[in-house]
Amino acid sequence: MKEMYQSLGLDDDVISYGEKVLQGCWQRFAAIDETAEYNQLKVINAMQKCRVSEACLLGTTGYGYNDIGRETLEQVYAEIFHTEDALVRPQITCGTHALALALMSNLRPGDELLSPVGKPYDTLEEVIGIRPSRGSLAEYGITYRQVDLIDGAEFDYEGIRRAINERTALVTIQRSKGYEARKTLSVERIGELISFIKGIKKDVICMVDNCYGEFVERIEPTEVGADLVVGSLIKNPGGGLAPIGGYLAGKRECIENAAVRLTSPGLGKEVGASLGVLPSLYQGLFLAPVVTAAALKGAVFAASLYEPLGYVTVPNATEERYDIIQAITLRQPGALEAFCRGIQAAAPVDGFVTPEAWDMPGYDARVIMAAGAFISGSSIELSADGPMKEPYHVYFQGGLTFPHAKLGMLRSLQEMKSAGYVKL
Ligand SMILES: *Cc1c(COP(=O)(O)O)cnc(C)c1O
């Protein structure tokens with residue numbers, strides 16, 4: 001084993017430090033495995049209940065009428081999320097598209113959208129019109145209101161009560177912290193928030209941006225009152241195999257609104273050929289609980305590796321986790337570059353390239369990214385990025401297998417050590 005790690009570029013002290021740290025992780029890993037086991041059974045149970053058959057894997061072309069595979073997969077998602085219906089489509093191009101679809105189809109001119117958990121994910125700023133943009137909700141006369149968390153942590157219940165008015169039609173709740181400093185919300189806390197909101201206005205639609213959260217816990221937000229959950233198939237629920245796609249699961253009415261917006265009024269869910277992607281969507285969903293567990297273990301290992309070296313990690317090595325994202329404050333630009341070099345050097349694809357910071361559109365600082373994925377842009381695969389600005393946070397997630405995540409973390413540490421940022 002040691003020789004194998006050496007041939008992948010690791011020094012002996014990095015290898016032995018890693019092994020020592022790993023010894024302290026097994027108990028956490030056992031709990032993660034137990035959640036994966038529970039969720040694996042949930043997925044199998046749903047597939048059996050919906051009578052997934054060989055014919056479901058075939059797919060259709062053209063209009064895609066009577067696509068039994070597509071229809072059954074949507075039932076399977078509805079079963080897993082305990083919802084009336086679901087929309088799971090390769091025509092939904094990414095997570096942002098899925099969220100935009102959910103918002104644009106369930107809001108009408110004159111309605112107001114509320115985020116009670118602070119600023120939503122960057123890409124939604126243009127969808128909503130927080131940053132003026134062509135085609136935004138704002139252009140259609142849909143207004144937006146936001147209530148920030150108190151100290152980035154607690155719900156501002158009074159602020160939320162004041163913000164809800166007769167035009168408030170939909171509340172969007174982001175489960176994952178994304179690239180914000182706040183903590184990720186547990187499903188339980190999301191449930192408390194939704195109960196409070198429904199107590200003020202019963203008929204408001206509560207939507208959860210579920211990105212990076214699927215299968216991390218045993219329950220999903222739709223089991224604690226959410227009317228709609230939305231996510232990307234090139235994150236957790238695609239299990240690393242889905243080559244494209246997004247999903248919405250929720251109340252029949254919400255899904256029907258989204259379906260007629262995605263295709264056309266009158267056509268709704270009846271069209272949308274699945275082409276050849278169904279086997280990957282089914283098999284990816286089947287693998288998703290275990291793949292999510294691998295990513296979680298990688299994140300726990302990373303926090304356990306860096307915390308004793310004096311780095312601030314969010315979440316830290318011991319706290320409960322509600323999504324797969326890990327952040328480490330690296331404090332120096334060179335350290336951020338070294339970290340990303342290490343992740344890249346551990347990749348199965350493009351492992352030979354060196355990541356460099358660049359001026360990414362829409363960001364105020366240069367951004368450095370490391371990714372060597374089989375599915376382009378997939379962030380359930382091991383990937384890292386960070387803006388080149390104080391305090392030099394690196395955010396990373398994924399790893400289809402724990403051994404790969406582990407290698408990535410050790411390789412990052414190796415680069416940090418070689419560049420003189422850490423001493424072991
Ligand atoms: C990834 C993500 C999105 C957007 O998904 P894309 O597939 O990148 O468009 C939205 N919200 C959160 C919290 C995310 O993590």
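Ligands are counted one by one from 1 in listed order, and the atoms in each one are counted from 1 as well. Here the structure is a predicted model, which means the values were calculated and not measured. Each residue takes its place number in the sequence, starting with 1.
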Check your understanding: So which protein heavy atom does atom 7 (O) of ligand 1 come closest to, and at what separation?
Key -> Gly95 N, 2.8 Å

Practice item. Measure Leu99 to ligand 1 on non-hydrogen atoms and call it side chain, backbone, both or neither using the 4.0 Å cut-off. Key: side chain

Review point. Counting heavy atoms only, which of Thr93, Leu124, Thr184, Thr96 is nearest atom 9 (O) of ligand 1?
Key: Thr96

Check your understanding: Hey, are Thr83 and Tyr77 close enough side-chain-wise for a donor-acceptor pair under 3.5 Å?
Key -> no

Review point. Does Cys94 reach ligand 1 with a nitrogen or oxygen that is under 3.5 Å from one of the ligand's nitrogen or oxygen atoms?
Key: no

Point to revise | Gln344/Arg411 under side chain to side chain donor-acceptor pair (under 3.5 Å): CA gap, chis, key distance, verdict | key: CA-CA 9 Å; Gln344 190 73 40; Arg411 202 66 177 70; over 6 Å; no

Review point. Does a donor on one side chain and an acceptor on the other come within less than 3.5 Å for Asn210 and Tyr247?
Key: yes

Practice item. Decide yes or no for Ile343 and Leu382: does some side-chain heavy atom of the first lie under 4.5 Å from some side-chain heavy atom of the second? Key: yes

Exercise for review: Find all atoms of ligand 1 within a distance of less than 4.0 Å from any non-hydrogen atom belonging to Tyr212, and give their numbers and elements.
Suggested key: 15 (O)

Practice item. Report the relative orientation of the aromatic rings in His393 and Tyr395; use parallel for angles under 30°, tilted for 30 to 60°, perpendicular for over 60°. Key: tilted

Exercise for review: Indicate, as side chain, backbone, both or neither, the part of Asp209 found under 4.0 angstrom from ligand 1 when only non-hydrogen atoms are considered.
Suggested key: side chain

Check your understanding: Can a donor-acceptor pair be found between the side chains of Thr313 and Glu307 at a distance below 3.5 Å?
Key -> yes

Check your understanding: Quick one: does Lys177 get a heavy atom under 4.0 Å from ligand 1?
Key -> no

Check your understanding: Quick one: do the Glu112 and Asn165 side chains pair a donor with an acceptor below 3.5 Å?
Key -> yes

Review point. In ligand 1, which numbered atoms sit nearer than 4.0 Å to a non-hydrogen atom of Lys235?
Key: 1 (C), 2 (C), 3 (C), 4 (C), 5 (O), 14 (C), 15 (O)

Exercise for review: Run the numbers for me: atoms of ligand 1, each under 4.0 Å from some heavy atom of Gln174, listed by number.
Suggested key: 13 (C)

Practice item. Indicate, as side chain, backbone, both or neither, the part of Arg175 found under 4.0 angstrom from ligand 1 when only non-hydrogen atoms are considered. Key: neither

